[in-house]
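Model, not experiment: these values are computed from the prediction.
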Amino acid sequence: MREVCILTGYEYKKIFKKRSTWIALGVVLLWTLFAGFGALIVGDYVVEGEKVASRYQIIKQEREALEHLEIKNLNQELIEKAREDMEVFAENHGDLAYSWETEESRIEYWKNYHKAFAPYKNLDTLLSMMGNWLEEADMAAVDGTNFYEYRHRMMENIFEGEGLSEGEIAFHQKEDAKIKTPYAYGNTLGFENYFRMQASNFIFLAFAVAIILAPMFAGEYTCGMDALVLSSLYGKNKVIKAKLLTGISFGILAAFGFSAVFLLEIQAIYGLSGWNLPIQVSVTGFYLNLPVNLLGFLGIATGCCILATCMTAMVVMFCSAKMKTAFGVIIVSFVFIFAPVFLLNIVVKFRFLLMLVLSMPTSMFYPRSLASHQLLSVGNHYFYFFQWVPVVYLCLMAGLAFWSYRSFKNHQIR
């Protein structure tokens, strides 16, 4: 084992001596930083060509409003308070809407409006999402007494539209019964923005990992070093094991590291004070019946993303062991990583193909895919994607690692 660790260190030195490694990681880092801090410079509020507030000011006001709510439950009292606050605003500032001759009046009107609306912006979004599935319902009549009844009807419509089995529907209804109502309400900005950017961040990272690991075995073929490697003291076993260990560990470290960077950004900008809120008060989780809070779902999502990155790394190394050039490996990896993004809307009506696409590593980067309504049924038990896919990944990774080992060890040297 000591020799394998030493050889692994040597493989890491080879990786980080390549300019392509630093370029790939640098691009992902810049993208990650822009995904977080870029929100501060994009999206200024402009009225008739005049900037009245920066994006940072908007975020700061919304965060403060949500963290200092008088009512912290999504109930009748909160909905009535929202309507009362907007009525008070209309009474006190309605005249400003008709006196926009000066820049000062425009700025004053917008600032007062946003201050009154900021605590309820997320609630308004949830009601709009509900209205998309309840076309016959009068959303203006929704209050704390019927909000959860309306949501139940919305979920029934969603299940029917997705063609779920009776067993799946019954499972989701049992899951929904575990969620405490009324929902706690508060600051979901941080988690919402993390989940919104998670897929794009990890897709870029997965492709960067593919570029970096593509020469792991194929580079030896290209440079004609495979004969030397296999004839060395440890070439028949420990060198290959070290390469596989390097690829897997690199995937874990890269995924964990970039997740930590992005999470620190989100904390600095939006805050993570709403960690104990149910996911149902967020846009990401409103259509889900999973009984976990935002922090729990963050742990599930991050864990699955790390494992999916490792699975991608293992597929890349398998291709590297089977193919003769790193360029070919990169092309195959590109298709493997980006194909699910385009296939998802095509296969949505075909249950088997949908389950297959949703179980691919790229799909695991999307939070909604992790807790998709389509479930795996084993006997009378049902499992979410985030429960059964990791088990499959671990088995596949073990199988691909063994296959890669045998392919490189037994290939014919010319």
Side-chain angles (χ1 to χ4, degrees), residues 125-139 142 146-179 181 183 192 195-196 198-199 203 278-292 296-297 300-301 304-305 308 311 336-393 396:
T125 302
L126 299 183
L127 292 174
S128 297
M129 293 172 65
M130 188 183 294
N132 292 336
W133 287 92
L134 300 173
E135 296 179 357
E136 76 287 354
D138 180 13
M139 300 311 297
V142 175
N146 59 18
F147 175 87
Y148 299 97
E149 177 186 344
Y150 273 48
R151 184 181 180 276
H152 180 73
R153 287 166 53 189
M154 176 193 74
M155 296 307 299
E156 288 181 340
N157 289 346
I158 292 174
F159 295 155
E160 181 180 353
E162 293 181 345
L164 300 189
S165 67
E166 293 183 0
E168 287 175 318
I169 294 175
F171 175 85
H172 286 301
Q173 290 174 341
K174 290 180 181 178
E175 290 285 276
D176 186 56
K178 299 176 184 178
I179 305 170
T181 55
Y183 301 151
E192 197 65 73
F195 293 140
R196 180 174 60 85
Q198 174 181 287
I203 288 174
I279 61 171
Q280 285 71 29
V281 295
S282 69
V283 173
T284 301
F286 189 56
Y287 293 149
L288 303 178
N289 284 341
L290 186 66
V292 298
F297 194 63
I300 292 171
C304 287
C305 285
M311 182 65 197
F336 178 76
I337 293 169
F338 289 97
V341 179
F342 302 99
L343 289 175
L344 189 58
N345 292 329
I346 299 175
V347 302
V348 68
K349 294 183 179 180
F350 305 94
R351 174 63 181 250
F352 175 78
L353 293 177
L354 178 63
M355 296 286 284
L356 182 62
V357 172
L358 287 177
S359 60
M360 295 182 70
T362 302
S363 298
M364 289 290 99
F365 298 148
Y366 289 89
R368 286 283 299 277
S369 297
L370 299 175
S372 174
H373 296 139
Q374 288 78 13
L375 306 172
L376 176 69
S377 174
V378 180
N380 294 324
H381 301 282
Y382 291 90
F383 301 92
Y384 289 107
F385 275 84
F386 70 83
Q387 293 174 319
W388 66 269
V389 170
V391 177
V392 173
Y393 281 2
L396 287 175

Show me the donor-acceptor pairs within less than 3.5 Å that the side chains of residues 364-374 make with the rest of the protein, sequence neighbours left out.
from: Ser369; atom 1: OG; to: Ser363; atom 2: O; distance (Å): 3.4
from: Ser372; atom 1: OG; to: Gln374; atom 2: N; distance (Å): 3.4
from: Ser372; atom 1: OG; to: Gln374; atom 2: OE1; distance (Å): 2.7
from: His373; atom 1: ND1; to: Glu162; atom 2: OE1; distance (Å): 2.9
from: His373; atom 1: ND1; to: Glu162; atom 2: OE2; distance (Å): 3.4
from: His373; atom 1: NE2; to: Tyr287; atom 2: O; distance (Å): 2.7

Kindly write out the residues that satisfy side chain to side chain contact (heavy atoms under 4.5 Å, CB included) with Thr125, not counting sequence neighbours, or none if the list is empty. Met129, Val283
For residues 349-358, tabulate all N or O donor-acceptor pairs below 3.5 Å that involve a side-chain atom, not counting sequence neighbours.
from: Arg351; atom 1: NH1; to: Glu168; atom 2: OE1; distance (Å): 3.4
from: Arg351; atom 1: NH1; to: Glu168; atom 2: OE2; distance (Å): 3.4
from: Arg351; atom 1: NH2; to: Glu168; atom 2: OE2; distance (Å): 2.5
from: Arg351; atom 1: NH2; to: Leu375; atom 2: O; distance (Å): 3.1

What one should report as the nearest heavy-atom pair of Arg151 and Asp176 is NH1-OD1, 3.2 Å
With sequence neighbours excluded, what pairs up with Ala339 under the side chain to side chain contact (heavy atoms under 4.5 Å, CB included) test? Val335, Leu343
Throw together a table of side-chain donor-acceptor distances under 3.5 angstrom for residues 380-387, partners on residues two or more places apart or in other chains.
from: Tyr384; atom 1: OH; to: Glu175; atom 2: OE1; distance (Å): 3.2
from: Gln387; atom 1: OE1; to: Tyr384; atom 2: N; distance (Å): 2.8

Can you tell me how far CG of Asn132 sits from CG of Asn157, rounded to the nearest 0.5 angstrom? 12.0 Å
Contacts of Val292 meeting side chain to side chain contact (heavy atoms under 4.5 Å, CB included) (sequence neighbours excluded), chain-then-number -> Ile279, Leu290, Phe297
Between CG on residue Asn289 and NZ on residue Lys178, distance to nearest 0.5 Å: 11.0 Å
For Tyr393, give me all partners under ring pair (Phe, Tyr, Trp, His ring centres under 6.0 Å), at least two apart in sequence or on another chain. none
Arg153: what forms a salt bridge (Lys or Arg N to Asp or Glu O under 4.0 Å) with it, not counting sequence neighbours? Glu136
Is any side-chain heavy atom of Met155 closer than 4.5 Å to one of Ile158? yes
